[in-house]
2 protein chains.
Amino acid sequence: MAALDRSLISRLPLFQGLTPDEQGEILRDARSSRYAKETAIFAQEAEAHSFFVLIAGHIRVVRTTPDGQQVIVRYISEGEIFGVAAALGRTTYPASAVAAVDCVVLAWPNALWPELARRFPAFGATTYRTVGSRLQETQTRVVEMSTEQVEQRVANALLRLANQTGRKTDSGIEIDFPISRQDIAEMTGTTLHTVSRLLSKWEEKGIIVSGRQKVTVKDAHRLVVLAENRDKG
Amino acid sequence: MAALDRSLISRLPLFQGLTPDEQGEILRDARSSRYAKETAIFAQEAEAHSFFVLIAGHIRVVRTTPDGQQVIVRYISEGEIFGVAAALGRTTYPASAVAAVDCVVLAWPNALWPELARRFPAFGATTYRTVGSRLQETQTRVVEMSTEQVEQRVANALLRLANQTGRKTDSGIEIDFPISRQDIAEMTGTTLHTVSRLLSKWEEKGIIVSGRQKVTVKDAHRLVVLAENRDKG
DNA sequence: GGGACAATTTGCGCTGGCGCAAACTCAAGA
DNA sequence: TCTTGAGTTTGCGCCAGCGCAAATTGTCCC
């Protein structure tokens, strides 16, 4: 822990409402680790032993179907808590977590959750607030999958990525971790071919620029229009 | 409260791990009400004032899109807690709840949540366990929407309904509340026409029997096969 | 008992997007 | 510099499932 930047950590939303002393007490029980790009933090169906906070990097949460198809449930950004099976009374992880880039992660043993939640209600409340918004987001995604066309869903996905993990550059908002056409397809329930065709079309129109595992949104406004289009684009 | 059957209520999973005294204390703050078929318990986007337990009946949780399309998020069965916005730090309900049949419901003011959760940890834990399985279910639904064909999704939906709210009759497992083709379509992201065609086909094959707002599963096993079919049925 | 409406069924034509396949293009390592 | 392989692009054909429309059936209410 000593090696990590305490001031950075104490600024995380997760620790808001806690005194520096309390923060220290919570952090004392954490173990920090590094995960190289494309390695797993935990695997779907595995016995849940810990919960985590992402200190640096980006994490992909993935569900794999019995026949091997993958669906990206969400991306985790810096500062977010994840793998909170314990807080929700689960004994296994419902999905896998994979480092999208090299990552630094704090981990607490699940056994500590009840005590931490009891002694630091603000800590528990923040976690449950996060869970609440994830439940809502996931429901929104079901609604999108049910009612929107592929083009709208891909536009929405890019907008979300740009908002959550976008980095402003002089040519637009760049998604600041490597993301392939295949990844975008797995987020939106389509195929890499269809994503590729859409991105090509949008690039022609000047709405985005994209390269290998890279997308930059140049004209978010027109992307919003595409995402909202009731029927034909 | 006096009018309600206490022994029935104390058998609910939600109250497990609590002494009769504690149960009484929690119930003292509840208000019970009836909702006629097709009336709303709460509306999407409305200020969240209470959380609820369904004592009798069946409730449909629905999200409506800006352009008026509806998606059924889930059905609530007897004994389940719902509308728990408070426990998740939300101030509005993310969806509407509508009585699918005449219902009896207990309601607690949201303001009581923090105290109840603090004084009766088992109560809070059970609630969060429920939230956890709902998050997982919802994710499963995203995966299904992303990877399965309509036929498999409808088969899965019927199986789930049969398991959760099925009533055994001599002709099979009957879903014990009125459910239309349109409802099934809104649960599976398709149209009532397609649902109707599928049900007709399955009825011909003797897998189900169905009528107006009524479905009875006769051969769950063959339905499972349909639900699992990797590609063509 | 009969009218009126809501739910369901079914036919038909169309198309969004998938599956397959092949070509192309970077980026990194040898 | 050259090789290699992963990521991407693009053409082509097809079909699951939607949209529209019309007929039919069951239910509730008067």
Side-chain angles (χ1 to χ4, degrees), chain A residues 36-38 60 67-71 100-101 144-155 157-158 175 177-205 208-216 226 229-233, chain B residues 36-38 67-71 100-102 144-155 157-158 175 177-205 208-216 226 229-233:
Chain A
K37 183 174 172 175
E38 297 302 321
R60 201 165 59 228
D67 56 315
Q69 290 184 80
Q70 299 207 323
V71 174
V101 294
E144 276 184 13
M145 294 289 306
S146 301
T147 62
E148 293 181 353
Q149 314 245 102
V150 167
E151 183 167 33
Q152 302 171 55
R153 301 206 301 266
V154 174
L158 286 191
I175 296 167
F177 58 87
I179 184 164
S180 69
R181 308 291 183 263
Q182 177 69 37
D183 291 332
I184 298 175
E186 289 175 2
M187 297 178 65
T188 52
T190 180
T191 62
L192 80 164
H193 307 279
T194 299
V195 171
S196 176
R197 280 181 249 268
L198 286 171
L199 296 198
S200 298
K201 190 174 74 176
W202 294 344
E203 185 142 17
E204 262 176 37
K205 293 190 186 177
I208 63 164
V209 233
S210 74
R212 254 181 195 227
Q213 314 213 66
K214 187 158 94 55
V215 180
T216 305
L226 285 175
N229 248 348
R230 296 289 176 257
D231 39 57
K232 294 279 303 179
Chain B
K37 184 174 171 174
E38 298 302 321
D67 56 317
Q69 289 183 81
Q70 299 206 322
V71 174
V101 294
D102 291 352
E144 277 184 14
M145 294 287 308
S146 300
T147 62
E148 295 181 352
Q149 314 245 104
V150 168
E151 183 167 33
Q152 302 170 58
R153 301 205 302 266
V154 175
L158 286 190
I175 295 168
F177 58 87
I179 184 164
S180 68
R181 307 291 181 267
Q182 177 69 36
D183 291 332
I184 299 175
E186 288 174 4
M187 296 178 66
T188 52
T190 179
T191 62
L192 80 165
H193 307 280
T194 299
V195 172
S196 176
R197 281 180 250 268
L198 287 171
L199 296 198
S200 299
K201 190 173 76 177
W202 293 343
E203 186 142 16
E204 263 176 36
K205 293 190 185 176
I208 64 165
V209 232
S210 74
R212 231 161 222 243
Q213 315 213 65
K214 187 158 96 52
V215 181
T216 305
L226 285 175
N229 249 348
R230 294 293 176 256
D231 40 57
K232 292 277 306 180

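A note on names: the letters A, B, ... follow the listed sequences, proteins ahead of strands, and every chain is numbered from 1. This is a predicted model, so every value here is computed, not measured.
Whole-Å rounding puts the A:Leu192 CG to C:dC24 P distance at 18 Å. In this structure, A:Glu148 atom CD and C:dG16 atom C1' are separated by 15 Å, rounded to whole Å. We find that CD1 of A:Ile208 is positioned 13 Å from C1' of D:dT8, with the value rounded to whole Å. Between A:Ile184 atom CD1 and D:dT8 atom P there is a gap of 8 Å when expressed in whole angstrom units. Rounded to an integer number of Å, the gap from CG of A:Leu199 to C1' of D:dG7 is 13 Å. Across the protein-nucleic acid pair, B:Gln213 atom CD and C:dT9 atom C1' stand 15 Å apart, rounded to whole Å. A straight line from CD of A:Gln149 to C1' of C:dC14 spans 14 Å, rounded to a whole angstrom. Note: CD (B:Gln152) to P (D:dG17) measures 9 Å, nearest angstrom.
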Report the C-alpha separation of A:Val215 and A:Ile184 in whole Å, then their side-chain angles, then the decisive distance to 0.1 Å, and conclude whether the side chain to side chain contact (heavy atoms under 4.5 Å, CB included) test is met. CA-CA 10 Å; A:Val215 180; A:Ile184 298 175; 4.3 Å; yes

Please evaluate residues A:Leu158 and A:Leu199 with respect to the criterion side chain to side chain contact (heavy atoms under 4.5 Å, CB included), reporting the C-alpha separation (whole Å), side-chain torsions for both, the decisive distance (0.1 Å), and the verdict. CA-CA 10 Å; A:Leu158 286 191; A:Leu199 296 198; 4.0 Å; yes

Do B:Trp202 and B:Val154 pass the side chain to side chain contact (heavy atoms under 4.5 Å, CB included) test, and can you show the C-alpha distance, the side-chain angles, and the key distance before you say yes or no? CA-CA 11 Å; B:Trp202 293 343; B:Val154 175; 3.9 Å; yes

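Put simply, CZ on A:Arg181 and NE2 on A:His193 are 13.0 Å apart, with the number rounded to the nearest 0.5 Å.
In this structure, B:Ser200 reaches the sugar-phosphate backbone alone: every heavy-atom distance under 4.0 Å involves primed, P, OP1 or OP2 atoms, never a base. At the heavy-atom level, B:Thr191 lies under 4.0 Å from the strands shown only through sugar-phosphate atoms.
Residue B:Thr194 places at least one side-chain N or O under 4.0 Å from the OP1 or OP2 atom of D:dC18. Checking the phosphate oxygens (OP1, OP2) of C:dA7, no side-chain nitrogen or oxygen of B:Arg181 falls inside 4.0 Å. Within the structure, every side-chain polar atom (N or O) of A:Arg197 is placed at least 4.0 Å from both OP1 and OP2 of C:dG17.
The base of C:dT10 lies close enough to the side chain of B:His193 for a donor and an acceptor atom to sit less than 3.5 Å apart. If you check distances only, the side chain of B:Arg212 does reach the base of C:dA7 with a donor-acceptor pair under 3.5 Å.
Applying side-chain hydrogen bond (donor to acceptor under 3.5 Å, both in side chains) to A:Arg60 and the options A:Gln70, A:Glu186, A:Glu38 leaves one that passes, A:Glu38.
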